[in-house]
Chemist: 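A single structure is presented below for examination.
Numbered from 1 within each chain, the chains take letters A, B, ... in sequence-line order.
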Amino acid sequence: MNTETPARTGLLPQVTHARNPGMALDLDWVASVQANTSAIERRAATLPGRRSVKKEYQAAWLLKAISLIDLTTLSGDDTPGRVQRLCAKARQPVAPWMLERLGMPGLTVGAVCVYHEMVETAVRALEGTSIPVAAVSTGFPAGLSPYKLRIAEIGESVRAGAKEIDIVISRRHVLTQNWQALYDEMRDMREACGDAHVKAILATGELGTLRNVARASLVCMMGGADFIKTSTGKEAVNATLPVSLTMIRAIRDYEARTGYKVGYKPAGGIAKAKDALVYLTLMKDELGHPWLQPDLFRFGASSLLGDIERQLEHHLTGHYSAANRHAMG
Amino acid sequence: MTIKEIFDSMAYGPAPESAAEALAWIASHNATFGHYIDGSFTAPGQTFITRNPATGQPLAQVTQGTAEDVARAVEAARRAQPKWARLPAFRRAEYLYALARLVQKHSRLFAVLETLDNGKPIRESRDIDIPLVARHFSYHAGLAQLLPSEHPDLAPLGVCGAIIPWNFPLLMLAWKVAPALAAGNTVVLKPAEYTPLTALLFADISREAGLPKGVLNIVTGDGSTGAALVDAPVDKIAFTGSTSVGKRIREATAGTGKALTLELGGKSPYIVFDDADLDSAVEGLVDAIWFNQGQVCCAGSRLLVQEGVAPRFYDKLKRRMDGLRVGDPLDKCIDIGAIVDPIQLDTITRLVQDNPEGEHYQAPCPLPAQGCFYPPTLITGLGTASPLMQEEIFGPVLVSMTFRTPEEAVQLANNTRYGLAATVWTENINLALDIAPKLKAGVVWINATNLFDAAAGFGGVRESGFGREGGWEGLMAYLKPAARPAALKPAAPIPAPADPQVDALDRTAKLYIGGKQTRPDSGYSQPVYSPKGHLLGHVGIGNRKDIRNAVEAAHAAKAWAKTTAYNRAQVLYFIAENLSARAAEFARRLENLTGKPGAAEVEASIQRLFTYAAWADKYDGAAKSVPIRGIALAMNEPVGVIGALLPDECPLLGLISVMAPAIAMGNTVVLVPGQHPLAATDFYQVLDTSDVPAGVINIVTGPAPDLAKSLAGHMDVDAVWSFSSHPLSALIEREAAGNLKRTWVNHGRARDWLSPSSEGRTFLAQATEIKTVWVPYGE
């Protein structure tokens, strides 16, 4: 996802990885995938206690988290004005004086994520930056509109200027273990995206088991997903650490087998700076440094940024901060 | 580094926990400690230095306990004990509850001090050790509360000596002190030489609980102090430490009547089947062998991987090892801290260096320039004969080999002198629950590892020691029957008459081995006379070769353990039925042998067989209430092959009372009859007609002291019991140290075999080992 350039932030490393082309569906591999829920939960529960990032390291990690945010609004009452405000926040996520003192002027978020109707507004609002616009698509969030329309919706959004498409998978294919259907759907959607990168939303809160999450992750990667993403934000349960661990282990296996790196995006429910740090340690320890860059990792979040801003101000001043001291998104 | 540089590198920075408060506590004692005896600290004596292994810096001077110091502590404990035991249960529960709360209130102080003294990562002392300590005292507050109503006939042992290791200093203190105090005992505890500080802090803080003086005493020092405590007039020794020291303690306490529990070493298997969640199994290894730098008695240190997935599994494992962070234990971002002492570091280094076989992989983790650190190490491709596969390394070194089938996994897992813990990874519940009972271990974790809780018993089999800690079963090791039994008089020999009367056709009583009547190897027999001078017959003089053959036969009958409890009950009923049919004959025989009427003893024997036929399928295990989503099953398993020296009195009832509980629980036995062996040799004819499989019950007649020595020294016997009136207890306990077999001996005390106290749970508990099987679940 060759989106970041020095012109945009001057900060992000230029990392390009070969895009995952997908592979033939390997049902033996899918069937062999296991995910032991208790063990995964134990690992997830102890992770926050195993890693701690303090002081200037914490500040740097929180700035990194900002650079990885897909700043998102996905509401029925979104208007151009609302989206413009969000895009302004995306360009200047932290007060300039703070970024100056932190030595990180020009920092932006990773992307802006909106519904199709808002894509053009967002693209215009972000002109002059290289912040990509991501569109949720394919009958988001349920993915139950007519198949042709779902595929067509992708093309519309790409034509409107979206560089990234967050598609939703058909949960029923997972729940009925119809891996072929899931694979075909993923293949079609990937093709419809063209050069735009595709993030496959698994809606893990509706998949029933972690084993299903692991298998669906694998099938979507076989089908050519550039990213796999947990949630639409509309399910009852969104991103969790156990689900994340399950998905990134699938990413690791896929890379080990094929050599291709697939990105990861947890979305929904990540609202605190501390949560963001835990996710970053998870990515660093389980997958390694490449997955701490925006081409392989994003947070799908709307309120996370505000908490990070407060923590950064505290780091700079030594005083606990207040929300009203920071610009609304 | 600038923030921009960190932003690019995304390095973890230092995240140190402050040591200030812990150092201030040490300073408040002038960094020099005496013992804690009778409610206060003594003046320091000759001292040694305890150091921070991460830096080599001295932390404090600690007193080297002398035999006199130990004696003073034991006296204080002895003085305090009667009053402590007489307290209402609720009062003792209150004290234990207060200790639990104080541990929680001072949790960070304890955690930091533990990490300073031991070198374990602060994450572990903070998140694992100290919470488990609080949990242990809290749980035992409950046991103290319930003890009198649940076990009204039991009493405390008295003064308990506890000797604990350096790997979990405060947790091991809790495991010894909490049950001892809950049961009404008082304690003298010797912490490990390397890690005395948290025990001293605990003593300091116990005063805030108002714990009465003398109830808890701490004497610091090295192994010689521990030896002095073993020799001191205490009623029990509870030891956790190495197998070699455990054997010495077994020998030293032999025949003294001191109760003994031993929690010793291990080389615990960690079995990964090909259908396991491999990533989770890799993560489990981090908790198994890189927890506490691998200095864990139950560490999953012997990795057995199913061959088909082994290359993939090793790749995943190495990648995970590369991500482990070794360093300052007070850093909150560290996985592996310091080895406890340079001597231990040398031991680990030497063991690995001296055994270059296999492929050695050491994670390229940067190590601190100073202090005792060792990198996480994996050694693959070893054979079973490799010393690294057999010897406990007690460091962050994992050894591994592959297996092909579940059966082979069990064989390899059990191919060890030890039997502490085992871990099984598979997504197949059929496989997991089939394997767990087959593993020689006191604890089995399924799809998890190193789970502990106060409610679940922990302890080993084989040379990993005996006794359980935690749960009601752990508390039992601190209690005894309230009634003190009378002394057992030696059986008076029946002299050979000058002119023996020969009444009937000669009958030759033989040994009974493997379901066959067998002549003794010696070729010697001895005549048996009645008190009235009648020649009743001859019995063979068995020797050690007969014991050897009997033990082999008992092992060959091991399928008995796998028969259903219902089946074992039926066999016991059948024995009773056949004995009943011959009741008059046995009554006559008993009368001839003893000169006293025998009908009542025969009747009692038949009843006792009914008792154990009843128990066979009712001595149930338990599902423990552990604080995880899952179950911890306490399963009663047979001990194995039990050798028993039968009582000299009650020749038939004594045999039945010992044999029946053992075989009801699935053990096989080698019985050595007492003074009147003809009752036992008659009895094998009953066995022959009662569907008892060959080898389940073996009878070797002969001189009890010789046969006891052979049995107790036999490396393939799992337990020896003695009810003989010969003074055999010391001999048996001493000889048993060889393979640390369980012993149950009478120490010259009598037992009323006709009483209901001579049947039931006491016997069943001796005939079983509790295996705790942890099964976390969830989908």
Chemist: To the nearest 0.5 Å, what is the distance between CG on B:Asp8 and NZ on A:Lys64?
Modeler: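 Rounded to the nearest 0.5 Å, the CG-NZ separation comes to 6.5 Å.
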Chemist: Give the intermediate values and the outcome of side chain to side chain contact (heavy atoms under 4.5 Å, CB included) for residues B:Thr2 and A:Met104.
Modeler: CA-CA 10 Å; B:Thr2 66; A:Met104 297 284 290; over 6 Å; no
Chemist: Take atom OH in B:Tyr361; do more than 12 heavy atoms of anything else shown fall under 6.0 Å from it?
Modeler: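 Enclosed: over 12 neighbouring heavy atoms sit under 6.0 Å from OH of B:Tyr361.
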Chemist: What is the minimum heavy-atom distance between A:Ser52 and B:Lys332, and which atoms define it?
Modeler: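 So the minimum-distance heavy-atom pair works out to CB-CB, 3.7 Å.
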Chemist: Quick check for you: among B:Glu124, B:Glu5, B:Arg325, which has the greatest number of heavy-atom pairs under 4.5 Å with chain A?
Modeler: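 Of B:Glu124, B:Glu5, B:Arg325, B:Arg325 has the most heavy-atom pairs under 4.5 Å with chain A.
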Chemist: Taking NZ, NE, NH1 and NH2 as the nitrogens, is one of them in B:Asp335 or A:Arg51 under 4.0 Å from a carboxylate oxygen of the other?
Modeler: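 A salt bridge links B:Asp335 with A:Arg51.
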Chemist: Side chain, backbone, both or neither: which part of B:Ile128 has a non-hydrogen atom closer than 4.5 Å to chain A?
Modeler: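 Contact with chain A: none, neither part.
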Chemist: If I take atom CZ from residue B:Arg312 and atom CG from residue A:Asp253, how far apart are they, to the nearest 0.5 angstrom?
Modeler: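 Reported value, rounded in 0.5 Å steps: 5.5 Å.
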Chemist: About how many Å separate CZ of B:Phe7 and CG of A:Leu102, when rounded to the nearest 0.5 Å?
Modeler: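 Those atoms lie 11.0 Å apart.
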Chemist: For A:Ala59 and B:Ile3, work out which heavy atoms get closest and say how close.
Modeler: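 The answer is CB-CD1, 4.0 Å.
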Chemist: Give a yes/no verdict on a cation-pi contact between A:Lys284 and B:Tyr12, requiring under 6.0 Å between NZ or CZ and the six-membered ring centre and an angle within 45° of the axis.
Modeler: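 Yes, a cation-pi geometry holds between A:Lys284 and B:Tyr12.
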Chemist: Considering only heavy atoms, which portion of B:Glu779 lies under 4.5 Å from any heavy atom of chain A: side chain, backbone, both, or neither?
Modeler: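 Both the backbone and the side chain of B:Glu779 come within 4.5 Å of chain A.
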Chemist: Might you point out which heavy atoms bring B:Asp127 and A:Gly49 nearest each other, and give the distance in Å?
Modeler: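 For B:Asp127 versus A:Gly49, the nearest heavy atoms are OD2-CA, 4.1 Å.
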Chemist: Going by atom types alone, do B:Ser280 and A:Arg42 pair a side-chain donor with an acceptor below 3.5 Å?
Modeler: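 Distance-only check fails for B:Ser280 and A:Arg42.
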Chemist: Nearest 0.5 Å, please: how far is CZ in A:Arg249 from CD in B:Glu283?
Modeler: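 Here the rounded value is 6.0 Å.
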Chemist: Heavy-atom distances under 4.5 Å only: say whether B:Ile334 touches chain A with side chain, backbone, both or neither.
Modeler: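 Looking at B:Ile334, just its backbone touches chain A.
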Chemist: Heavy atoms only: give me the nearest A:Ser38-B:Arg629 pair and the separation to one decimal.
Modeler: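 Distance-wise, the nearest heavy atoms are OG-NH2, 3.4 Å.
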Chemist: Checking heavy atoms, do the side chain of B:Ala281, its backbone, both or neither come under 4.5 Å from chain A?
Modeler: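 Neither; nothing under 4.5 Å.
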Chemist: When you measure from the side chain of B:Arg123 to the backbone of A:Thr46, do you find a donor-acceptor pair of N or O atoms at a distance under 3.5 Å?
Modeler: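 Between the backbone of A:Thr46 and the side chain of B:Arg123 there is no qualifying donor-acceptor contact (under 3.5 Å).
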Chemist: Can you tell me which portion of A:Leu280 sits under 4.5 Å from chain B's heavy atoms? Options are side chain, backbone, both or neither.
Modeler: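 Contact with chain B involves the side chain of A:Leu280 alone.
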Chemist: Taking atom NZ of B:Lys318 as the centre, report whether more than 12 heavy atoms of other residues, nucleotides or ligands fall under 6.0 Å from it.
Modeler: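 Above 12, so yes.
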Chemist: So does B:Asp279 pair up with A:Arg252, basic N to acidic O under 4.0 Å?
Modeler: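 Yes, B:Asp279 and A:Arg252 are salt-bridged.
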Chemist: So which part of A:Ser32 gets closer than 4.5 Å to some heavy atom of chain B, the side chain, the backbone, both or neither?
Modeler: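 Contact with chain B: none, neither part.
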Chemist: Looking at B:Ala448, B:Gly323, B:Gly284, which has the largest count of heavy-atom pairs under 4.5 Å with chain A?
Modeler: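 Greatest number of close heavy-atom pairs with chain A: B:Ala448.
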Chemist: Under 4.5 Å from any heavy atom of chain A, what part of B:Asp287 do you find: side chain, backbone, both or neither?
Modeler: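 The side chain, not the backbone.
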Chemist: Atom CG of residue position A:Leu175 - does it have more than 12 heavy atoms of other residues, nucleotides or ligands inside 6.0 Å?
Modeler: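 Yes - once you tally the heavy atoms of other residues, nucleotides and ligands closer than 6.0 Å, there are more than 12.
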Chemist: Just by distance, with hydrogens left out, do A:Asn36 and B:Tyr777 show a side-chain donor and acceptor under 3.5 Å apart?
Modeler: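 Side chains of A:Asn36 and B:Tyr777: no pair found under 3.5 Å.
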Chemist: Which atoms of B:Pro14 come close to chain A, meaning under 4.5 Å heavy atom to heavy atom: side chain ones, backbone ones, both, or neither?
Modeler: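 Answer is both: backbone and side chain atoms of B:Pro14 are under 4.5 Å from chain A.
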Chemist: Write down the atom of A:Gln34, the atom of B:Asp275, and the distance for their closest heavy-atom approach.
Modeler: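 Distance-wise, the nearest heavy atoms are CG-O, 3.3 Å.
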Chemist: Treating A:His289 as the side-chain partner and B:Ala11 as the backbone partner, does any N or O pair qualify as donor plus acceptor under 3.5 Å?
Modeler: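 Absent.
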Chemist: What part of A:Gln58 lies closer than 4.5 angstrom to a heavy atom of chain B: side chain, backbone, both or neither?
Modeler: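 Interface part for A:Gln58: neither.
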Chemist: For the OH atom of A:Tyr57 and the OG atom of B:Ser9, what is their distance to the nearest 0.5 Å?
Modeler: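 OG of B:Ser9 is found 7.0 Å from OH of A:Tyr57.
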Chemist: Given heavy-atom pairs under 4.5 angstrom as the criterion, report whether the side chain, backbone, both or neither of A:Leu63 touches chain B.
Modeler: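 A:Leu63 touches chain B through backbone and side-chain heavy atoms alike.
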Chemist: Which heavy-atom pair separates B:Arg319 from A:Leu287 by the least distance, and what is that distance?
Modeler: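 Of all heavy-atom pairs spanning B:Arg319 and A:Leu287, the closest is NH2-O, 3.2 Å.
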